Amino acid sequence: MATLTYDAVDIIKDLIKTKWSSIRPPTVSAIWEKRTVGFVDDRKDQLIIYPKNEVVNYFGIGGQAFWHEQLMELEIRTFRDIKRHNEVVKKVTQIMKDNLTGTDYADLRVISSYSKNYLYRNMFSYVLTLSLRKADP
């Protein structure tokens, strides 16, 4: 049995990078690529993927088939104004919803979302909780 965690992060990164159009694309990275300490580049919007837990369910006869569901949080950070932030949030959400099914996964769903704007003074932050499911990765 394999794990879906790192493949799921790569799928989301590739999906956003290939489907982005119309407005300036953000930087897309996994949380482990964000370990540096220093000044934030406030000219570039950021999407940060946090893989959470992976649920593995057995199905099929003989223990040969497993259904993997990877839960992730996708944090959308912008630094200009609320209008730009709203554009980026809507664009990312639309990309996720337009790609419900894909060739690399069974389905991709937006489970929930919430704002973290109240935590920051000079940054806008919004989080989408995603579920990516795949059989026998």
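Atoms considered below: every heavy atom in the structure, side chains included; atoms not considered: hydrogens, waters and symmetry mates. Quick note: residue numbers are just sequence positions, from 1. Small disclaimer: the values here were computed from a predicted structure and weren't measured.
- Summarising the geometry of Tyr126 relative to Ser113, their closest heavy-atom pair is OH-OG, 2.8 Å, with the distance given to 0.1 Å.
- In this structure, the side chains of Arg109 and Arg133 come closer than 4.5 Å at one or more pairs of heavy atoms.
- If you check the side chains of Thr27 and Gln46, you find no donor sitting under 3.5 Å from an acceptor.
- The side-chain heavy atoms of Trp67 and Val56, taken from C-beta on, include no pair separated by under 4.5 Å.
- Put simply, CD1 on Ile16 and NZ on Lys91 are 11.0 Å apart, with the number rounded to the nearest 0.5 Å.
- The shortest distance between side-chain heavy atoms of Ser115 and Val127 does not fall below 4.5 Å.
- Taking both residues in full, the closest heavy atoms of Tyr105 and Leu100 are given as CE1-O, 3.6 Å, listed atom of the first, atom of the second, then distance.
- In this structure the side chain of Glu69 never reaches within 4.5 angstrom of the side chain of Asn57, judged on heavy atoms.
- Looking at Arg84 and Asp45, a side-chain N of the basic residue comes within less than 4.0 Å of a carboxylate O on the acidic one, giving a salt bridge.
- Remark: Phe124 engages His85 in a ring pair (Phe, Tyr, Trp, His ring centres under 6.0 Å) (not counting sequence neighbours).
- Of all non-hydrogen atoms in Ile48 and Ala30, the two that sit nearest each other are CG2-C, 4.4 Å.
- Across Ile111, Val92, Leu47, a single residue satisfies side-chain contact (heavy atoms from CB on, under 4.5 Å) together with Leu128, and that is Val92.
- In summary, the side chains of Ser131 and Gln70 do not present any donor paired with an acceptor at a separation below 3.5 Å, with no hydrogens or angles considered.
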Review point. Yes or no on side chain to side chain contact (heavy atoms under 4.5 Å, CB included) for Leu132 and Met72, after CA distance, side-chain angles and deciding distance?
Key: CA-CA 8 Å; Leu132 189 138; Met72 296 172 279; 3.9 Å; yes

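- You'll find the side chain of Ile49 stays beyond 4.5 Å of the side chain of Trp32, heavy atoms only.
- Distance check, rounded to the nearest 0.5 Å: CG of Leu130 to CD of Glu73 gives 9.0 Å.
- Interatomic distance, NZ of Lys52 versus OG1 of Thr5, reported as 12.0 Å (0.5 Å rounding).
- Between Glu87 and Lys83, the closest side-chain pair of non-hydrogen atoms falls below 4.5 Å.
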Exercise for review: Mind running side chain to side chain contact (heavy atoms under 4.5 Å, CB included) on Lys17 and Val28 for me, showing each step along the way?
Suggested key: CA-CA 8 Å; Lys17 288 178 180 179; Val28 184; 4.1 Å; yes

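- Between His68 and Asp136, the shortest heavy-atom contact is CD2-N, 4.1 Å.
- Tyr118 and Tyr114 sit in two unconnected hydrophobic clusters of ILVMFWY residues. Membership requires side-chain heavy atoms under 4.5 Å apart, directly or through other members.
- Taken together through direct or relayed side-chain contacts under 4.5 Å among Ile, Leu, Val, Met, Phe, Trp and Tyr, Leu4 and Leu71 form parts of separate hydrophobic clusters.
- The closest side-chain donor-acceptor pair between Arg77 and Ser125, if any, does not fall under 3.5 angstrom.
- Judged by distance alone, the side chain of Asn86 and the main-chain N or O of Ile82 form no donor-acceptor pair under 3.5 Å.
- Within a 6.0 Å radius of NZ in Lys116, other residues, nucleotides and ligands contribute more than 12 heavy atoms.
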Donor-acceptor pairs are to be reported for all side-chain atoms of residues 6-15 against protein atoms at under 3.5 Å, with residues two or more places apart or in another chain.
from: Lys13; atom 1: NZ; to: Glu33; atom 2: OE1; distance (Å): 3.4
from: Lys13; atom 1: NZ; to: Glu33; atom 2: OE2; distance (Å): 3.0

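- Leu108 and Met96 make their closest contact through CD2-SD, 3.7 Å (heavy atoms, listed as atom of the first residue, atom of the second, distance).
- In the model, Tyr50 has a side-chain atom that pairs as donor or acceptor with a side-chain atom of Glu75 under 3.5 Å.
- Summarising the geometry, atom CZ belonging to Phe79 is positioned 9.5 Å from atom CG belonging to Asn122; distances are rounded to the nearest 0.5 Å.
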